[in-house]
Protein chains: 2
Amino acid sequence: MEYSAKQLQIIEVAERLFSQKGFAGTSVRDIAQEADVNVSMISYYFGSKEKLIEALFQLRMSESRSRMEVLIQDEDLNPIQKINMLIDSAIDKLMGNQCFHNIMLREQLSSERTPVISDHIRKLKMRNVELMQQLILEGQEAGVFRKNIDLSLMSTTLYGTINYAIATQDFYRKINNLEDMEEEEFQKYLKRRLSQHLKSLFKSTVTNEHHIEN
Amino acid sequence: MEYSAKQLQIIEVAERLFSQKGFAGTSVRDIAQEADVNVSMISYYFGSKEKLIEALFQLRMSESRSRMEVLIQDEDLNPIQKINMLIDSAIDKLMGNQCFHNIMLREQLSSERTPVISDHIRKLKMRNVELMQQLILEGQEAGVFRKNIDLSLMSTTLYGTINYAIATQDFYRKINNLEDMEEEEFQKYLKRRLSQHLKSLFKSTVTNEHHIEN
DNA sequence: GATAAAATCAAACGATCGTTTGATTTTTAT
DNA sequence: ATAAAAATCAAACGATCGTTTGATTTTATC
């Protein structure tokens, strides 16, 4: 599906507003006004408000054809390096599309989801979990990773941490006295800290054998 | 503030519906119907829909007077044991009030928040972060914890992981072939796995010195 | 059991919702 | 230049929104 400049404009405004105020909390008149088009253009172009968010998902999902799948095959990288690449790739993707991933997280919190959208999300999550599973199994076979790792919870920690960090970034700014930092600089800073933090977390967890008391 | 049985009934129904469909996605008529009261009773008791969700926050926040603060002082526990207690306490709290914490997470995703509510959330998060900070500093002074730990990102990982695990629990069920498990049993199972996972994560990260390449 | 207060209700309020209509303008194709 | 197609618009549609009204019933107080 190809979209005209006007259509893309509508989609992008909708993305921002859905992210800020939620789907139900955003009216088509809000979108029309900020996108500088007539209200009726939304139904005219997309059919309905519901179809609009589906178009947004369709578009963003089609863009996310990840380069990870091929990079993962690289023989020159050791398991830890591959995991680190996966972490940075996830950080880049989520922090580079904060509005969209905010919407996606909101969708996952809802119990009344559109089948079309939840299918998209399920497929994407499946890909992510399988990717990490493949990487960790590789590391285990190479003998560098410990055996008893909860694969799906490792994914949960990766995406849960990034999502939550993005959701609470204002709070992070405040308690770390970074309120004077320029927005762009702060984004870079947060990315770097997240990267260090998650790599440290994953490396030590995945490589060290140890038992948990209690 | 004291609430009658009817008022509590309304609050509890509202909590469930806000959790399932979001605040804007839930109508006062939905709430009234499921709570088996007349629509006007919501304005009559709480003043408005907005005041209703504020009452919900007020109530749940007042209940959450954590026992952690005192248990943390226990001299007989070593730093790791205290961290483990903090983890289990967080899991219990979030998984025991999934609806409310779902709403709270949604609020944090919104940029147009009610000041009353975002104040409550900020205060709660501050408490949590300070608690973990205190524990980790204690471990560092005792010489068992490494020095370069991103304190606020440890909190982010703890709450981000639990929140995301709850949000995606259906997916977790599916990929781990647990679809036949009874709901109650699954909740216990997820709690146990989360506990093991997070304790393993924290212990290895917090105790082992190592540098991160890249 | 009379009186006041609290609770409950159906109905209606004005506002806003997503969507459609039908006329008009702009663009495209011949 | 002309006809067809696409885009744009103000206006209106019916539905639903949160809230209020005013009458009625229930409960509490003496």
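None of the values given here were measured: they were computed from a predicted structure. Lettering follows sequence order; numbering is per chain, from 1. Hydrogens, waters and symmetry mates play no part in the numbers below; they use all other heavy atoms, side chains included.
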TODO: Rounded off to whole Å, could you give me the OH-to-C1' distance for the A:Tyr44 and C:dT27 pair?
DONE: 11 Å

TODO: May I ask you to say whether A:Asp119 pairs ionically with A:Arg122, meaning some side-chain N is under 4.0 Å from a carboxylate O?
DONE: yes

TODO: Have a look at A:Ser40 and say if it touches a base, only the backbone sugar-phosphate, or nothing, with a 4.0 Å heavy-atom cut-off.
DONE: base

Task: Along DNA chain D (nearest heavy atom to each residue), the more 5'-positioned of A:Asn38 and B:Gly47 - done: A:Asn38

Task: N/O (side chain, B:Tyr45) to phosphate O (OP1/OP2, C:dT8) under 4.0 Å - done: yes

- [ ] Using the side-chain hydrogen bond (donor to acceptor under 3.5 Å, both in side chains) rule, take B:Ser27 and B:Asp30 through it: C-alpha gap first, then chi angles, then the decisive distance, then the call.
- [x] CA-CA 5 Å; B:Ser27 73; B:Asp30 288 339; 3.3 Å; yes

- [ ] Would you jot down, in residue-number order, the residues of residues 8-36 of chain A having a non-hydrogen atom under 4.0 Å from DNA chain D?
- [x] A:Arg29

Task: Between B:Glu54 and B:Thr114: side-chain donor-acceptor atoms closer than 3.5 Å - done: no

TODO: Rounded to the nearest angstrom, tell me the gap between atom CD1 in A:Ile42 and atom P in C:dT19.
DONE: 9 Å

- [ ] Determine: side-chain N/O of A:Lys6 to OP1/OP2 of D:dT8, distance under 4.0 Å, yes or no.
- [x] yes

Task: Between B:Gln134 and B:Glu130: side-chain donor-acceptor atoms closer than 3.5 Å - done: no

- [ ] Report yes or no: is the cationic atom of A:Lys49 (NZ for Lys, CZ for Arg) closer than 6.0 Å to the six-membered ring centre of A:Phe23, at no more than 45° off its axis?
- [x] yes

TODO: Please check if the side chain of B:Thr161 supplies one atom and the backbone of B:Leu158 the other of a donor-acceptor pair under 3.5 Å.
DONE: no

- [ ] Would you mind reading off the distance between B:Gln7 atom CD and C:dA6 atom P, rounded to a whole angstrom?
- [x] 13 Å

Task: Separation of D:dA6 C1' from A:Met41 CE (nearest whole Å) - done: 9 Å

Task: Distance in angstrom units between B:Glu2 CD and C:dA6 P, rounded - done: 17 Å

